[in-house]
2 protein chains.
Amino acid sequence: MSIDRRSGCPINLSLEVFGDRWSLIILRDMIFGGKRHFRDLLNGSLEGIASNILADRLKRLMELGMLTRANDPTHKQKAIYSLTEMAITLVPILAHLGAWGRVWLPVSEELSIRAELLEKGGPPMWEKFMDELRHEHLGTPSDTPPEATVRATLQAGYEAVAARKAPGAKCDSRA
Amino acid sequence: MSIDRRSGCPINLSLEVFGDRWSLIILRDMIFGGKRHFRDLLNGSLEGIASNILADRLKRLMELGMLTRANDPTHKQKAIYSLTEMAITLVPILAHLGAWGRVWLPVSEELSIRAELLEKGGPPMWEKFMDELRHEHLGTPSDTPPEATVRATLQAGYEAVAARKAPGAKCDSRA
DNA sequence: TAAACCGATTGCTATTTGCAATCAGTTGCA
DNA sequence: TGCAACTGATTGCAAATAGCAATCGGTTTA
């Protein structure tokens, strides 16, 4: 369950942390989708993760120090997952990954608008986003009003494209 | 063997290309190690890839358009693998990945010096490196003398650290 | 009190991984 | 000419992992 350490190369060690098909998807949904609960991650996932794999990866990401888990005061059975600083600093990597995918892979328009906005915003936008995540997950102070967050900006971009592509359909705010 | 397309999300599609434990290792050895042949990749790999997995990943990376294969004129059985533009543009992602790993993971000093130099060089150094790779793999013209390349700079940094850590030992120029 | 929901867990099969041995052809050296 | 070393792979096999479907014991809501 823990890391292999095939070598001390930084790229290799990074791959051993999230070089699988689900870990980064979970972190993506937490970072960009604001998902904090098991069921949100399970049902909200576009890619359809299985519950045992989700449980396994959450456990693994906690062991690796990327996530923490706490009880949700509103529901005795609910657990709330938080990103650590280690996970929050993945934002620039996710931004680059999205930008690369947008150029070279058959991405769908509505799902890549976020990547496009994040790419255009550049490092200053990534920093602002990371500060928002620190506020949301680590409890650090913040003076950004909720309607002016980077996540809200990305979400608005997504909804604009989705509405244009299917004018009559209901907005899907999950993804 | 080809891509799954669980969703059209750029991050998901990128993961489906190199979200496994070997593909990026192979690309790393080609990009930073200058490896072009099957045996070089097989024997030079710090992490000890198996020959069947190497063969499988080379085939897969070719199908995905990240590599091309050509006959080596010096040896009738030798194949020479080249990076495509698609693979060369991974350099910024690898740089970020290395930088992230250097901060959060137990990297070894001699293997992370390259990541440190690449991080300090920033986007201008990455661009220069990508131009060198285009010259080497795609045959585009270049006026950088061989001793002033980014790869040579990174290699020199590695050897300086390796020599300092083991003054009497022979330099290992493979990794 | 029943239904829906909570974060998982279990049983199971299909796929993937990765080690070891091997392949047929090529090359370099004696 | 003969033979060992090397070329890019391929095969057989056992172990680990992936991932689907059903289910768990408990909580909340209607």
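A, B, ... follow the sequence lines: proteins, then strands. Residue 1 opens every chain.
- The side chain of B:R69 has D:dG8 as its nearest neighbour among D:dT11, D:dG26, D:dG8.
- Taking side-chain N and O atoms only, B:R39 has no distance below 4.0 Å to OP1 or OP2 of D:dC6.
- A donor N or O paired with an acceptor N or O is not found under 3.5 Å between the base of C:dG7 and the side-chain atoms of A:Q77.
- Regarding A:R60, its CZ atom lies at a distance of 12 Å from the C1' atom of D:dT17, rounded to whole Å.
- Rounded to an integer number of Å, the gap from A:L54 CG to D:dA21 P is 17 Å.
- Residue B:I53 has its side chain nearest to C:dG18 when only C:dG25, D:dG19, C:dG18 are considered.
- For A:N52, the listed nucleotide lying nearest its side chain is C:dT10; candidates were C:dT10, C:dG7, D:dT7.
- Protein atom CD1 of B:I26 is 13 Å distant from nucleotide atom C1' of C:dG18, rounded to whole Å.
- Comparing B:H75 and B:I49 against DNA chain C, the residue whose closest nucleotide sits nearer the 5' end is B:I49.
- A distance of 9.0 Å separates CG of A:N12 from CG of B:L111, quoted to the nearest 0.5 Å.
- Side-chain contact annotation: B:T89 with A:W104, donor-acceptor N/O pair under 3.5 Å present.
- Separating the CG atom of A:D72 from the P atom of C:dG7 is a distance of 9 Å, rounded to the nearest angstrom.
- Between B:W22 and C:dG18 there is a side-chain N or O to OP1 or OP2 distance below 4.0 Å.
- With DNA chain D read from its 5' end, the first of the two nearest nucleotides for B:R6 and A:K76 is the one closest to B:R6.
- A donor-acceptor contact shorter than 3.5 Å is absent between the side chain of B:E47 and the backbone of B:I25.
- Atom NZ of A:K78 is separated from atom C1' of C:dC5 by 9 Å (rounded to the nearest Å).
- Whole-Å rounding puts the B:L42 CG to D:dC6 C1' distance at 12 Å.
- The main-chain N or O of A:A115 is never found under 3.5 Å from a side-chain atom of A:S112 such that the two would form a donor-acceptor pair.
- Distance alone, capped at 3.5 Å, is enough to place a donor-acceptor pair between the A:T140 side chain and the A:R134 backbone.
- Of the candidate nucleotides C:dG18, C:dG7, D:dG8, C:dG18 has the atom lying nearest to any side-chain atom of B:A50.
- For A:S51, counting side-chain heavy atoms from C-beta on, the closest listed nucleotide (C:dC6, C:dA20, D:dA22) is D:dA22.
- Per the geometry, CG belonging to B:N71 stands 16 Å off P belonging to D:dT7, to the nearest Å.
- Using a 4.0 Å cut-off, some side-chain N or O of A:R57 falls inside it from OP1 or OP2 of D:dA18.
- In this structure, B:R21 atom CZ and D:dT17 atom C1' are separated by 11 Å, rounded to whole Å.
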